[in-house]
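The structure appears right after this line, and notes come after that.
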Number of protein chains: 2
Amino acid sequence: MDNESKKITINDVARLAEVSIKTVSRVINNEPNVRASTVKKVLAAVDSLNYQPSSFARSLAGTMTFNIALVYSNATPSYIYEVQSGALEACKKWGYELIIHPCDHTRPDLPTEFVSMYDTRKVDGILLTPPMCDSLELTQALENQGLQFARLQPGDPTASNSPFTGIDERAAARELVRHLIDFGHENIAIINGDPAHGAAFLRMQGYIDAMDEAGLPRPDEYVQQGMFDFESGRKCSETLLTLDKPPTAIFACNDAMAAGTMQYALKKGLKLPQDLSIVGFDDSPTAERLWPALTTVRLPAQELAKHCTDSLIAGIRKQKPEKLMGSCSYEIILRDSVAQNAQHV
Amino acid sequence: MDNESKKITINDVARLAEVSIKTVSRVINNEPNVRASTVKKVLAAVDSLNYQPSSFARSLAGTMTFNIALVYSNATPSYIYEVQSGALEACKKWGYELIIHPCDHTRPDLPTEFVSMYDTRKVDGILLTPPMCDSLELTQALENQGLQFARLQPGDPTASNSPFTGIDERAAARELVRHLIDFGHENIAIINGDPAHGAAFLRMQGYIDAMDEAGLPRPDEYVQQGMFDFESGRKCSETLLTLDKPPTAIFACNDAMAAGTMQYALKKGLKLPQDLSIVGFDDSPTAERLWPALTTVRLPAQELAKHCTDSLIAGIRKQKPEKLMGSCSYEIILRDSVAQNAQHV
DNA sequence: TTTCAAATTGACAACGCTGTCAATAGAAAG
DNA sequence: CTTTCTATTGACAGCGTTGTCAATTTGAAA
């Protein structure tokens, strides 16, 4: 324990290493053109003194803030928690701080708000979560201002050439619906997600892919528009299950809506999964706690966020990211909410 | 829109207001001994220029960092999300930034880790969430170092004279168990939470209060030790429900364990709530999504965190907090997981 | 050996604010 | 109308870095 420890500055390190403070600064920042032997000397001094550069001074004097903003709007707590954990990991690796910035994605002055964070030098870049990563208006505004950002789970990666990370939502949804079909279901409905989310579109496409491949009909009334929340899941399932010819399986585009569906069905007295098979998407904590436990696809949000943040910072520092990738692998989690179609021949 | 806008500094404001930069600084920081008319002039200049002080320069030059750390360990995502939202609100109000700091509460060098955040001037204070708010070793170490902190939901508020906020967990638990008793239950078991959490102790006390008041027996085997997680809820309920004389109602000390209990019971073929009444604690998002929807007590985590953070910052700034209070009100949320005891006379 | 460009290093002035302390203005007292 | 005290204001030196640019050293070519 160091008692009476004054704050260690770059001057102390410079003195101990017998170089100028500028050279210490160069070493700290990995700048080129420093003799290897000098680097060694400085590094030795740094950790002998346990020196930690003052981020305030660095930000004030330099051009970087070493801060990244995580912006989210209208979010699922557990999703944000995972995203944040991943982003934090990447930030730690690079020595960045994560600024948490909840906002409202429907506000028209969002671009201004973000650009201002950048102009006032609060952050060096922004991590855009859904649905903001899908707003062309927003991403283009940011691009025009030369603001660095990365997109988590964008519906259309090519909508911007900023870094992005996601899973192949379309393929995952297709595979999930295919699973239902394999269980003999033919009347499969979908509860779609908030159209502001690109993911909603992709999941719907996956549904279409699987149904069309199997040559199954997709009547209009089997396509319900939800909003990714529990309540909309309930409402949509009510509509579906009171149809003359109700579906025997429902693909809810996320777990929250699947939970709503499940609760409605149970309340109505249906036996699950015998009378109705349900699948969700996300593998949220709730999924395994329901009964029957929900079959869903695991969205590795933490991993995605980590790589996305890593790419963002790498871009800012003009270095290579850990892994060059826009896509992570997903996993279908088989649980108890799907059964063989009883009406099947 | 300001095109070509250079960064506005305190100098610009001083020039416009025709005062020295020091006077602007005084106004910005609400320091005393500035003539009212001067304050007005400066304030006018400030918002005419839309001036935002540089937090870096402020932190570098002054003694405050304007940062608060939110530390958590081993946490429930939705709980942390709520806490964070509340803390963020309070921070915004005071112009502080929230530093998110996940950690491991079992590490022996936690005190050192926190003190170091303070010594290296990363933060001005720390918001301690459960179970860290209950570690005497930790709080005393922080107190000895003169580090400012506040405790969210401490088991024993008097364990430190630092600010704290919570609900009356004991009374809430008592009321909840009372509810079960009112429904004719006599064989009521409890699945206790992680003993590292003071809240677990208080909830248990509430159970004891209610049972003793009603003159009901509390056999040892009706008291199971859980860990606040889903899995432990399952395990404990298995033990309880395979007893010779199983309980007709179970008080799980949080919703996650209640969900585990519910899933086990359902899997076993019990009819809920007819065969078994279950109550939880927290009112987590999962609670309303289960079927039957869970009767529980609403823990206003966001509100608690907001006030706790407010008190923390107020203490740091040596000002009065918005509300002087250690306790918020809770609410019993009646849903569908409790039924009249069928075995009752 | 001499020469010259490139590599390496350092001196010093910002960066935008606060702390200290001295200067000034205003109010109360004589 | 002075004098004294206090409220108000300003000048200036940091805070701990990085950016700029000049100085010095090095290495290879001449």
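Per chain, numbering begins at 1; letters A, B, ... match sequence-line order.
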Calculate the interatomic distance between A:Ile28 atom CD1 and D:dT17 atom P; express it in whole Å. 8 Å
Student check: side-chain heavy atoms of A:Ile167 and A:Leu304 closer than 4.5 Å: yes
Looking at C:dG16, I'd like to know if its phosphate oxygens (OP1 or OP2) sit under 4.0 Å from a side-chain N or O belonging to B:Asn11. no
Validation row: B:Leu88, A:Pro102 side chains within 4.5 angstrom (heavy atoms): yes
Nucleotide C:dG19, atom P - distance to CZ of B:Arg26 in whole Å: 10 Å
Here's a test of your reading of the structure: between B:Arg35 and B:Ala61, which maps to the more 5' nucleotide of DNA chain C? B:Ala61
N/O (side chain, A:Asn33) to phosphate O (OP1/OP2, C:dA7) under 4.0 Å: no
Taking the nucleotide of DNA chain C with the nearest heavy atom to each, does A:Val19 or A:Gly62 sit closer to the 5' end? A:Val19
If we ignore angles and hydrogens, is there a donor and acceptor under 3.5 Å between the side chains of B:Ser55 and B:Glu97? no
Regarding B:Arg26 and B:Asn33, is there a side-chain donor-to-acceptor distance under 3.5 Å anywhere? no
For a quick check under 3.5 Å, do A:Arg121 and A:Ser59 share a side-chain donor-acceptor pair by atom type? no
Once you round it to whole Å, what is the distance between C1' of C:dT20 and CD of B:Glu31? 12 Å
Using a heavy-atom cut-off of under 4.0 Å over every strand shown, decide if B:Thr38 touches base, sugar-phosphate, or nothing. sugar-phosphate
Any side-chain heavy-atom pair of B:Phe114 and B:Val71 under 4.5 Å: yes
It should be established whether B:Thr9 places a side-chain nitrogen or oxygen under 4.0 Å from OP1 or OP2 of nucleotide C:dC15. no
Note: for A:Leu60 and A:Met64 on DNA chain D, the residue whose nearest nucleotide lies more 5' is A:Leu60
Distance test, side-chain N/O of A:Ser59 to OP1/OP2 of D:dT17, below 4.0 Å: no
Quick one: B:Ile10 CD1 to D:dC15 P, roughly how many Å, whole number? 19 Å
Starting at atom NZ of B:Lys41, determine the distance to atom C1' of D:dT8, rounded to an integer number of angstrom. 12 Å
Among the nucleotides D:dT9, D:dA11, D:dG16, whichever has the atom closest to the side chain of B:Lys22 is D:dA11
NA contact type, A:Pro32, heavy-atom cut-off 4.0 Å: base, sugar-phosphate, or nothing? nothing
So does B:Ser25 get a side-chain nitrogen or oxygen closer than 4.0 Å to the phosphate oxygens (OP1/OP2) of C:dC17? no
Establish, with yes or no, whether the OP1 or OP2 oxygen of D:dG10 is under 4.0 angstrom from a side-chain nitrogen or oxygen of B:Thr23. yes
Measure from CZ on B:Arg58 to C1' on C:dG19 and round the result to the nearest Å. 14 Å
In whole angstroms, the gap separating P of C:dC15 from CD1 of B:Ile8 amounts to 15 Å
Rounded to the Å, how far apart are B:Phe56 CZ and C:dC17 P? 12 Å
NA contact type, A:Tyr51, heavy-atom cut-off 4.0 Å: base, sugar-phosphate, or nothing? sugar-phosphate
According to a strict under-4.0 Å criterion, is B:Ser20 in side-chain N/O contact with OP1 or OP2 of D:dG10? yes
